[in-house]
Protein chains: 2
Amino acid sequence: MLWGLRPVEPQAAHGLAVDLLRRQIHAGLLLPAERLPAERQLSDKFGISRVTLREALRVLETHQYITVRRGAQGGAFVTDEDRLTQLARRRMSRAPAAAMRVVEFLTVNQLAAARLAAARRGTADLKRLRQATDMMHSALNAPQRKQAEALFLLALGDASQNPLLARAIEDGLAELFLPFEGNLPDGSAVDALKSFENLLRALEREDASASEVAMAELHVLLWAAIRRMTRNAA
Amino acid sequence: MLWGLRPVEPQAAHGLAVDLLRRQIHAGLLLPAERLPAERQLSDKFGISRVTLREALRVLETHQYITVRRGAQGGAFVTDEDRLTQLARRRMSRAPAAAMRVVEFLTVNQLAAARLAAARRGTADLKRLRQATDMMHSALNAPQRKQAEALFLLALGDASQNPLLARAIEDGLAELFLPFEGNLPDGSAVDALKSFENLLRALEREDASASEVAMAELHVLLWAAIRRMTRNAA
DNA sequence: TTTCATGGTCTAAGAAATAGACCAATTGAA
DNA sequence: TTCAATTGGTCTATTTCTTAGACCATGAAA
């Protein structure tokens, strides 16, 4: 029985590059106003020609994810924080239900990853997790916090030693595109940091159930944030 | 911070067609010895030219997923059951750990789908689920049982109304490629059928916790099967 | 034997991507 | 002010992938 025969959608090389960069911006790995490598370097890393990379940059520019300046010290820069927040809010308000579904998916898979990582994490995994936690401490603003949290969760996925879980978390984070929360309600950033630290410690001592508890705490905060945002968006 | 800069991998159109068909064979949706539509029809459904489709068929033929015969009543046929079982076993024995990871991933996401589907399934979803259950009853052999189970689980994913969960289940099933179990140990096929029916009934009466229980029963059987196969493979 | 649905082959054309050279703008150091 | 270096912008020739369509070869069934 042939099932769900839909037209195949060949992704052009420049389209893949667009996705790759857009996902990193959504996940918060690329900071606002951050400068990307020069075209010649980027095309080299992606394994595509410069012409093709430039097509990708043009698309991202059109969608206002980046701006491009030329001359020495020029290059492609991620859009500024305000604009990114605006893009994120627009996306959230266009399909608030979709955002809830993504969080649902992340909840399930991150919880599983936390449980498994407690038993399987290696020392290299712990190192990445600690570095991410340190970044949360030294973060000066919302984008830096978001970046550190994304790095932590990606490291958690890898620490589970399950490539499909890791991929699921990566996809979920890339799909989410949460706006930076300028003014958090009553120190929820502090709560989140505490829970991340609890999770880190649980992973260090291979305590699976404590890991799940800490992860669940984080999800409570995430759900609260999502509810707040979808309410504001509506 | 630019993260994980790997070369982009543009998928050629024929490569996508290969994946699509291979996934359906892995998941058991395409039965052994089943005949695919004629090239002109298939290329039309995929939205690619006949030449490109033929490239895909050539790849699948090389990997022994299909055989191609010409003349009237000819066409592309899925390989016979023995050969498919052999391919599945080879894959399983090459990376038994990978198969366990896939099952891990499916366990998590199917459980979540079962819980959510209990609250969200529509009548169309129930219809698909019942049809799949009926197919299990009338199945005459292992491939038909596997096909019906795959259809049930895909329907479950859709019934959860969460596209990411549905996609995760689809990916997991396509990745798994379990060999057909010719001789099951002491009627575990009967146990599985019973659990599927319990799940269906729980979904019908919107009982989330009963759905989870039934799903968990199925996972116990799946884990037992996986353990048996990886042991045999080793 | 004939029919005809089906795979097999060929050609001409177009679309996408590549490598590499060269131009244009901008900055900062001399 | 001038110049060198860096970076984006543009152009060309070439290769690879894909397409549309025509026509040939095979083989089962009428």
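All chains are named by letter (A, B, ...) in the order of the sequence lines, taking the proteins before the strands, and each is independently numbered beginning at 1. The model shown is predicted, which means the values in this text are computed figures rather than measured ones. Below, each value reflects all heavy atoms present in this structure, side chains not excepted, and no hydrogens, waters or symmetry copies.
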Check your understanding: What pairs with A/Arg40 under salt bridge (Lys or Arg N to Asp or Glu O under 4.0 Å), at least two apart in sequence or on another chain?
Key -> none
**Study point:** Donor-acceptor pair between A/Asp19 and A/Gln11 side chains, under 3.5 angstrom
**Key:** yes
Point to revise | Nucleotide-resolved protein contact map, nucleotides 18-30 of chain C, B/S/- at heavy-atom distance under 4.0 Å | key: BB--B--BBS---
Revision key, fill the gap. In whole angstroms, the gap separating C1' of D/dA28 from CZ of B/Arg69 amounts to 12 Å
Practice item. Provide, to the nearest angstrom, the distance between the CG atom belonging to A/Asp44 and the C1' atom belonging to D/dT7. Key: 16 Å
Point to revise | Integer-rounded Å distance: D/dC17 C1' and B/Leu16 CG | key: 13 Å
Check your understanding: What is the nucleic acid contact for A/Arg54, judged by heavy atoms within less than 4.0 Å: base, sugar-phosphate only, or nothing?
Key -> base
Exercise for review: Run the salt-bridge test on B/Glu55 and B/Arg58 with the 4.0 Å N-O cut-off and return the result as yes or no.
Suggested key: no
**Study point:** Value in whole Å for how far the P atom of C/dG7 lies from CD of B/Glu61
**Key:** 12 Å
Check your understanding: So, A/His26 versus A/Tyr65, ring centres under 6.0 angstrom or not?
Key -> yes
Review point. With distance as the sole test, does A/Asp125 use its side chain to make a donor-acceptor pair with the main-chain N or O of A/Gly122 at under 3.5 Å?
Key: yes
Exercise for review: Would you please confirm or rule out a distance under 4.0 Å between OP1 or OP2 of C/dA17 and any side-chain N or O of A/His14?
Suggested key: yes
Practice item. Determine, for B/Arg167 against A/Glu175, whether the closest basic-nitrogen to carboxylate-oxygen distance falls under 4.0 angstrom. Key: no
Review point. What integer distance in Å separates A/Gln41:CD from D/dT6:C1'?
Key: 11 Å
Review point. Rounding to a whole Å, what distance do you find between A/Glu55:CD and C/dA17:C1'?
Key: 8 Å
Study note, to complete from the structure: B/Glu9 atom CD is separated from D/dC17 atom P, nearest whole Å, by 15 Å
Exercise for review: Grab the CZ-P distance between B/Phe77 and D/dA28 for me, whole Å please.
Suggested key: 10 Å
